[in-house]
Number of protein chains: 2
Amino acid sequence: MCPAPLHETVPATTPAASLVFTTVLSHGPLTRAEVARRTSLSPAAVTKAVRPLMEGGYLVEDLDEGARPAIGRPANLVRVDGGRALFIGVKVTGDEIIGVLTDLCCRIRVARHMPLTGREPAVVLPALIAMVQELLVEADGFGVRVCGLGIAVSGDVDRLDGVVRYSPFLDWRDVPLADVAGTATGLPVTVDNDVRALTVAEQWFGAGVGLSDFALVTVGAGIGCGLVVHGRVVSGAHGVAGEIGHLSIDPLGPRCHCGNQGCVEGIASDPAILREVRAATGRPLASVAEALELARGGDPSAREVYARAGEAIGRAIGSVVNVLGPERVIISGEGLAAYDLFAEDIRTAFVRSAFGTAARCDLMTRPLPFEEWARGAAATAIQSFIGPHTYQD
Amino acid sequence: MCPAPLHETVPATTPAASLVFTTVLSHGPLTRAEVARRTSLSPAAVTKAVRPLMEGGYLVEDLDEGARPAIGRPANLVRVDGGRALFIGVKVTGDEIIGVLTDLCCRIRVARHMPLTGREPAVVLPALIAMVQELLVEADGFGVRVCGLGIAVSGDVDRLDGVVRYSPFLDWRDVPLADVAGTATGLPVTVDNDVRALTVAEQWFGAGVGLSDFALVTVGAGIGCGLVVHGRVVSGAHGVAGEIGHLSIDPLGPRCHCGNQGCVEGIASDPAILREVRAATGRPLASVAEALELARGGDPSAREVYARAGEAIGRAIGSVVNVLGPERVIISGEGLAAYDLFAEDIRTAFVRSAFGTAARCDLMTRPLPFEEWARGAAATAIQSFIGPHTYQD
DNA sequence: TTTTTTCATTGACAGCGGAAAAGAACACCC
DNA sequence: GGGTGTTCTTTTCCGCTGTCAATGAAAAAA
């Protein structure tokens with residue numbers, strides 16, 4: 001848990017206030033009447049919830065009296081004042097740390113990248129703290145207090161305790177990140193798995209707004225998946241969920257380090273694609289970008305590799321959709337750079353493997369640059385700043 | 001929705017009362033103090049919630065003052081009086097209707113089977129209503145009012161409207177079951193998918209009690225899966241979820257009627273096993289029971305078919321566990337009759353395909369005879385009788 | 001200008017659940 | 001056998017929350 005923040009009290013104290021606040025936060029400027037309808041609270045309750053939030057400066061009257069009804073008294077729009085509070089989000093990757101300073105609406109104000117010389121905690125933690133310090137200095141320039149720090153790390157993360165249980169990618173075990181970062185910076189800290197953090201950002205501020213069931217699939221160095229069911233991000237009973245990277249797609253496919261054969265990640269991740277294109281063309285390619293170039297140039301065997309990757313991704317999505325029946329699947333990640341190459345294959349494989357009404361699911365892509373991952377971390381900080389009563393829908 | 005029941009008011013009106021009631025219902029006789037601890041309500045709130053429920057006769061003081069503390073005042077146990085209300089659960093299969101009369105604790109008091117001469121609504125609906133009437137007569141013998149009727153049907157069921165959208169097995173489309181049964185019997189009716197209904201029963205009264213994330217996998221004529229995430233049964237955005245029967249396990253496997261290849265259902269369902277054993281042995285087997293007998297007798301090709309089925313089931317479970325990270329998977333269904341033949345294969349394939357901590361998931365079997373499916377339907381009726389505030393955990 | 005419609009606010013009020021204290025029922029200890 | 005301590009249960013009181021009903025406000029329509 002975050003060390004009790006002396007910094008600032010939570011804006012929303014009662015369930016109703018949280019509900020109102022998160023509704024306005026996600027659904028843009030709204031009239032009070034509209035908030036009442038969406039939350040099924042009484043208009044009176046909305047008024048009473050809004051007042052203290054306005055006095056605290058978290059909500060402001062929006063002067064654009066945009067949507068006035070055809071008849072009757074015009075409505076006053078209410079929106080969240082993003083500038084009221086700042087947050088820092090940090091994403092740790094294998095070779096760099098990405099940090100962003102966002103406002104309360106999770107808009108990025110400053111973004112920073114910092115290369116890493118190693119992956120071990122002894123290297124990463126000081127760099128991370130230095131990054132936060134830098135961003136705190138930046139924040140001074142805005143004259144607004146930083147109210148939370150969110151950190152996103154790949155792997156098995158216990159977000160209640162703020163401990164990285166095991167990150168295969170970083171080779172970390174039981175690193176008490178929240179404690180370390182909290183004592184070093186004095187900020188309330190949230191630590192979460194990177195894909196879950198990105199999912200939170202999409203749920204509150206992105207393509208998942210208003211949806212109670214959706215999935216976010218990330219394609220890149222690995223294949224990940226964040227899930228929202230019943231309006232809540234899924235963590236699983238043991239803190240791990242959405243591990244679609246090791247769904248076995250093809251029992252005869254390449255052997256994966258996880259011990260299985262034909263995992264999605266062994267077919268469609270960047271390293272796998274690079275390996276396969278190398279093997280298929282015999283060329284000593286240096287990076288997946290070159291493989292991509294080759295395929296774009298029309299090389300048939302490279303294209304074939306991408307087609308297989310697309311099919312694997314499509315089938316993995318089909319599995320998720322069959323199991324959970326989400327309303328939407330958002331495809332994202334660096335791997336999207338090659339989207340034009342396998343979009344067709346993804347969709348075809350998805351439609352074929354999705355059973356029945358599952359095909360009603362809306363499949364969309366969303367290019368999320370690396371800073372977005374750090375923004376996801378900030379979103380988790382915002383979420384915990386607002387409080388425990390974070391009902392969606 | 002159920003037509004407003006003149007029959008009986010809902011026992012629990014406030015959220016706290018519901019919480020107390022469902023806690024006592026699922027976790028057997030409890031002391032008030034224990035209820036307070038589990039629900040994190042104050043002891044005073046528990047007392048105040050219990051009183052009206054006792055006056056209504058739903059809760060009773062349990063005279064076995066079993067667990068008294070080592071020191072201090074002995075506690076009074078409180079439990080649900082099952083005899084206070086009766087419910088009817090009906091499951092419709094292809095060739096028969098199974099009906100049960102249960103008490104408020106979902107214990108079966110009477111079970112009835114009724115063969116069907118056809119599957120079309122014109123045949124099934126009158127038979128279903130006749131079955132309910134019979135059970136209502138039985139209920140008179142107990143001198144207790146029947147407070148709800150639950151109906152379970154396989155396929156795509158809209159449980160809010162009580163309409164069977166599409167049941168491939170019965171070849172039904174848009175059958176307004178709740179309306180028909182409600183007007184014919186005068187009972188409040190709930191209609192739900194059969195696997196979901198069974199999942200509800202397990203969640204409240206079975207192997208899922210106290211778990212916020214688990215899966216129920218049914219193996220038999222088809223392969224189904226019910227999911228509980230965050231303490232709630234998953235229905236998906238469009239009312240369909242848990243369709244693991246058409247996860248594609250083997251791209252080169254037998255073609256399935258769904259258009260895909262190598263579906264679990266095409267490998268491990270009873271019809272698939274029968275087909276494969278026939279093909280492998282060349283014998284004209286009449287039923288899956290004979291195939292089972294052959295395999296039990298040691299026929300190597302029959303055993304091979306079962307081994308493949310087990311592997312498919314294990315891998316499907318592995319997929320679910322990778323995606324959702326449940327605490328437990330309950331394997332059930334008629335197909336369990338052959339469990340000794342493929343238990344090992346299921347477990348091996350599961351462990352191999354479950355990634356990382358997913359293997360921490362507890363895999364168990366539970367023989368649920370056909371009456372249990374009807375009991376599941378009754379469980380949905382009980383759930384809706386108790387009211388909308390049915391928090392689990 | 002009056003009416004109608006919708007939005008927003010106010011004040012009264014019911015009720016829920018918590019805190020604290022009292023009471024109850026036992027074991028233990030001298 | 002009477003304190004003492006412990007735990008369970010109930011009672012009383014009280015704050016707080018959100019609804020209800022009524023009122024006021026601001027515009028379009030009549």
Side-chain angles (χ1 to χ4, degrees), chain A residues 9-24 27 29-55 59-79 387-389 391, chain B residues 9-24 27-56 59-79 387-389 391:
Chain A
T9 46
V10 189
T13 55
T14 74
S18 280
L19 196 53
V20 169
F21 191 70
T22 55
T23 302
V24 175
H27 296 270
L30 288 175
T31 70
R32 291 168 172 78
E34 186 60 27
V35 172
R37 278 188 291 265
R38 294 203 190 214
T39 58
S40 54
L41 287 167
S42 69
V46 174
T47 292
K48 280 187 267 196
V50 164
R51 197 185 347 262
L53 289 169
M54 277 195 161
E55 281 163 5
L59 293 181
V60 291
E61 209 91 27
D62 196 339
L63 299 182
D64 301 358
E65 308 192 18
R68 62 177 51 185
I71 196 173
R73 169 178 169 175
N76 296 349
L77 289 174
V78 173
R79 64 175 171 81
H389 305 282
Y391 308 141
Chain B
T9 47
V10 189
T13 54
T14 76
S18 281
L19 196 52
V20 168
F21 190 71
T22 56
T23 302
V24 175
H27 297 270
L30 288 175
T31 71
R32 289 168 233 264
E34 186 58 29
V35 172
R37 279 190 290 266
R38 295 203 189 215
T39 58
S40 54
L41 287 168
S42 70
V46 175
T47 293
K48 279 187 273 195
V50 164
R51 196 183 350 260
L53 289 170
M54 277 196 161
E55 281 163 5
L59 292 181
V60 291
E61 209 92 27
D62 197 338
L63 299 182
D64 302 356
E65 308 193 17
R68 63 176 50 185
I71 197 172
R73 170 176 169 175
N76 296 349
L77 288 173
V78 173
R79 65 176 171 79
H389 305 282
Y391 308 141

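Lettering of chains follows the sequences in order, A, B, ..., and the numbering in each one begins at 1.
- A 4.5 Å side-chain heavy-atom check between B/Val78 and B/Val35 finds every atom pair outside the cut-off.
- Distance from the side chain of B/Thr31 is smallest to D/dT9 among C/dA8, D/dT9, D/dG18.
- For A/Pro43, the listed nucleotide lying nearest its side chain is C/dT9; candidates were C/dT9, D/dC8, D/dT10.
- Contact detail for A/Asn76 and A/Glu61: the closest heavy-atom pair is CB-OE2, 2.9 Å.
- Residues passing the salt bridge (Lys or Arg N to Asp or Glu O under 4.0 Å) test with A/Arg37 are A/Glu34, sequence neighbours excluded.
- Rounded to 10°, the helix from C/dT1-D/dA30 to C/dC30-D/dG1 has 10° between the axis fitted to its first five pairs and the one fitted to its last five.
- Closest contact between the side chain of B/Ala44 and the listed nucleotides C/dA8, D/dT19, C/dA20 involves C/dA20.
- In this structure, CG of B/Asn76 is placed 9 Å from P of C/dA25, rounded to the nearest angstrom.
- Of the inter-residue distances, the one linking A/Asp62 atom CG with A/Leu30 atom CG reads 10.5 Å to the nearest 0.5 angstrom.
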Per-nt protein contacts along nucleotides 1-6 of chain C (heavy atom under 4.0 Å; B base, S backbone sugar-phosphate only, - none) come out as ----BB
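- Here the C1' atom of nucleotide C/dA8 and the CZ atom of A/Arg32 are 7 Å apart, to the nearest Å.
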Could you list all N or O pairs between the protein and nucleotides 13-16 of chain D that sit under 3.5 Å apart?
none

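- Using a 4.0 Å cut-off, some side-chain N or O of A/Thr47 falls inside it from OP1 or OP2 of C/dT9.
- Taking atom CD of B/Glu55 as the reference point, atom C1' of D/dT10 lies 14 Å away to the nearest angstrom.
- In this structure, the CG atom of A/Leu41 is 8 Å from the C1' atom of D/dG18, given to the nearest Å.
- Rounded to whole Å, atom C1' of D/dT9 lies 12 Å from atom CE of B/Met54.
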Donor-acceptor list for residues 45-53 of chain A side chains, cut-off 3.5 Å, not counting sequence neighbours:
residue	atom	partner	partner atom	Å
A/Thr47	OG1	A/Pro43	O	3.4

